[in-house]
Amino acid sequence: MTITQVRAFTLAATLGSFTAAAEYMGLTQPTVSELVKKIEESYSITLFVRGGRRLVLTTAGQTLLPWARRLLDAELGADSALTALNTGEGGTVSFGILQNASYYLLSDLATVFHESYPNVRVRLVGQNSFEVADAVRNGELEAGLLCLPIPAEGLQILPLMRHEIVWASADPERCRKAMAIADIPKEPLILYDAHHGWNDPTRHQLAQLAQLHGVTLEPKMEVESVDAAVSLVASGLGDTIVPKAVAESDTFPAEVYTTRLEEPIYDTFALVQRTNWELSPMASHLAELAVDMLTSNDAGLGEILHPRMKSPMEEAKA
């Protein structure tokens with residue numbers, strides 16, 4: 001297999017079609033299809049189930065995909081590392097970012113990085129923490145910021161800071177004292193991150209706490225974003241949990257009240273990368289910048305667990 005064939009296969013699997021892969025690679029659709037076909041002919045296997053609206057991986061394709069991603073990641077790492085030695089004049093850096101990055105003053109991360117390294121391609125992916133962890137573990141991203149807890153296998157985790165989760169309600173009586181777990185089911189429950197449900201790190205902590213108290217939590221409404229959940233709460237349709245940073249933001253509705261949970265839970269932010277894997281210089285610079293922005297601009301909202309990273313130059317001096 002050539003790198004070009006591997007790239008064609010990986011992009012087709014990720015994007016779901018040969019046409020989309022061809023657009024990304026700047027090739028024609030028949031060319032990309034032929035590149036994949038050469039792999040299949042070489043090994044007498046079929047990698048995709050063709051004919052539907054979206055390509056579906058066969059068992060052979062599922063077996064090849066993680067290895068293909070490792071090959072491409074190794075190529076990307078080598079290219080980025082060598083290019084970065086020439087003052088960052090090119091290359092690509094991929095990094096996972098918090099889903100609610102704007103609440104943690106990370107919206108300008110790409111802009112600030114670009115000012116220092118204008119010729120480096122930046123790929124920032126905002127996902128749920130479980131997806132960021134999987135993408136880093138599988139080599140799709142070099143590193144990322146996420147919320148704990150997540151499965152730690154294959155990952156090196158550096159906890160950075162934590163933000164308390166607070167209770168939010170349009171009923172001021174519900175927020176006159178700390179919210180007890182036993183009192184949560186007394187009003188409709190609205191929760192965000194519907195796609196991942198109770199696997200979401202914040203919701204997982206709430207579920208564990210409820211289980212310890214013998215309480216069953218069944219949300220009346222589930223939405224994807226915290227903003228949508230807060231909007232529903234402002235309409236009086238139920239209560240929710242929100243990170244302290246969201247509750248303290250300028251856009252938080254004045255008609256929504258907040259209080260602490262009687263037994264606190266936290267969003268604990270961490271930087272993750274693969275175990276025994278050295279970041280490319282540009283990824284290291286981007287990770288350092290992200291950590292600095294997250295911890296330096298927090299304005300006392302959270303508890304700092306690790307103030308900053310050392311840059312590659314500082315590590316060398318040490």
ILVMFWY network linking I265 to L148, side-chain heavy atoms under 4.5 angstrom: no

H195 and E131: CA distance, side-chain angles, deciding distance, side chain to side chain contact (heavy atoms under 4.5 Å, CB included) verdict: CA-CA 11 Å; H195 178 71; E131 291 178 332; 4.2 Å; yes

Y117 reachable from M293 in the ILVMFWY side-chain graph, under 4.5 Å edges: yes

Verdict with supporting geometry, L64 and M1, side chain to side chain contact (heavy atoms under 4.5 Å, CB included): CA-CA 11 Å; L64 175 60; M1 285 181 285; 4.2 Å; yes

Separation between CD of Q156 and CD of Q273, rounded to the nearest 0.5 Å: 4.5 Å

Closest approach of V136 to G144 (non-hydrogen atoms, all atoms of both residues): CG2-N, 4.1 Å

Cluster link L141 to F269, ILVMFWY, side chain under 4.5 Å: no

Sidechain-backbone polar pair: Q29 side chain, A22 backbone, donor-acceptor under 3.5 Å: no

Side-chain donor or acceptor of R260 paired with backbone N/O of E164 under 3.5 Å: no

Separation between OG1 of T2 and CG of L71, rounded to the nearest 0.5 Å: 10.5 Å

W198 atom CH2, over 12 foreign heavy atoms within 6.0 Å: yes

Main-chain N/O of R54 paired to S17 side chain as donor or acceptor, under 3.5 Å: no

Side chains of I181 and L206 in contact at under 4.5 Å (non-hydrogen atoms): yes

Parallel, tilted or perpendicular: ring planes of F9 versus F48, cut at 30 and 60 degrees: tilted

Student check: side-chain heavy atoms of F18 and P30 closer than 4.5 Å: no

Main-chain N/O of A170 paired to E255 side chain as donor or acceptor, under 3.5 Å: no

Non-hydrogen atoms of A143 and L279 that approach each other most closely: CB-CD2, 3.9 Å

Charged N-O contact under 4.0 Å between E40 and R50: yes

Any donor-acceptor pair under 3.5 Å from S284 side chain to P281 backbone: no

Verify same cluster id: L72, M282 (apolar side-chain graph, 4.5 Å): no

Side chain proximity check, W277 to D73, heavy atoms < 4.5 angstrom: yes

R203 side chain reached by P219 side chain, heavy atoms, under 4.5 Å: yes

Sidechain-backbone polar pair: T240 side chain, V230 backbone, donor-acceptor under 3.5 Å: no

Shared hydrophobic cluster, L106 / L146 (ILVMFWY, side-chain heavy atoms < 4.5 Å): no

Atom pair CD/CG of Q205 and L261 - distance to nearest 0.5 Å: 10.0 Å

Sub-4.5 Å side-chain heavy-atom contact between V132 and V125: no

Interatomic distance, H204 atom NE2 to D193 atom CG [nearest 0.5 angstrom]: 14.0 Å

Point-to-point distance, once rounded to the nearest 0.5 Å, from CG of L191 to CG of D200: 9.0 Å

N-O pairing of D239 and R174 below 4.0 Å: yes

Nearest atoms (heavy-atom pairs only) where I157 meets P159: O-CD, 3.6 Å

N/O donor-acceptor pair under 3.5 Å between T275 side chain and L155 backbone: yes

A8 to M25 - nearest heavy-atom pair and separation: CA-SD, 3.7 Å

Test item: F130 and I150 side chains (from C-beta on) under 4.5 Å apart, heavy atoms: yes

pair V256-S169: side-chain heavy atoms closer than 4.5 Å: no

Donor-acceptor under 3.5 Å (S231 side chain, D227 main chain): no

Closest non-hydrogen atom pair, T14 against R69: OG1-NH2, 3.7 Å

Donor-acceptor pair, side chain of R274 and main chain of N138, under 3.5 angstrom: no

Min side-chain heavy-atom separation L271-L145 under 4.5 Å: yes

Shortest non-hydrogen contact between F113 and L289, atoms and distance: N-CD2, 3.7 Å

Spacing of NZ belonging to K38 relative to CD belonging to E41, to within rounding of 0.5 Å: 9.0 Å

Trace of the side chain to side chain contact (heavy atoms under 4.5 Å, CB included) decision for M179 with I184: CA-CA 7 Å; M179 176 59 65; I184 290 178; 3.9 Å; yes

E153/R137 ion pair, N-O < 4.0 Å: no

Salt bridge present between E303 and R162 (N-O < 4.0 angstrom): yes

Heavy atoms of other groups near F252 CZ, more than 12 under 6.0 Å: yes

Verdict with reasoning, V122 to H114, per side chain to side chain contact (heavy atoms under 4.5 Å, CB included): CA-CA 8 Å; V122 179; H114 178 72; 5.7 Å; no

Sidechain-backbone polar pair: T258 side chain, A247 backbone, donor-acceptor under 3.5 Å: no

Atom CD of E278: over 12 foreign heavy atoms under 6.0 Å: no

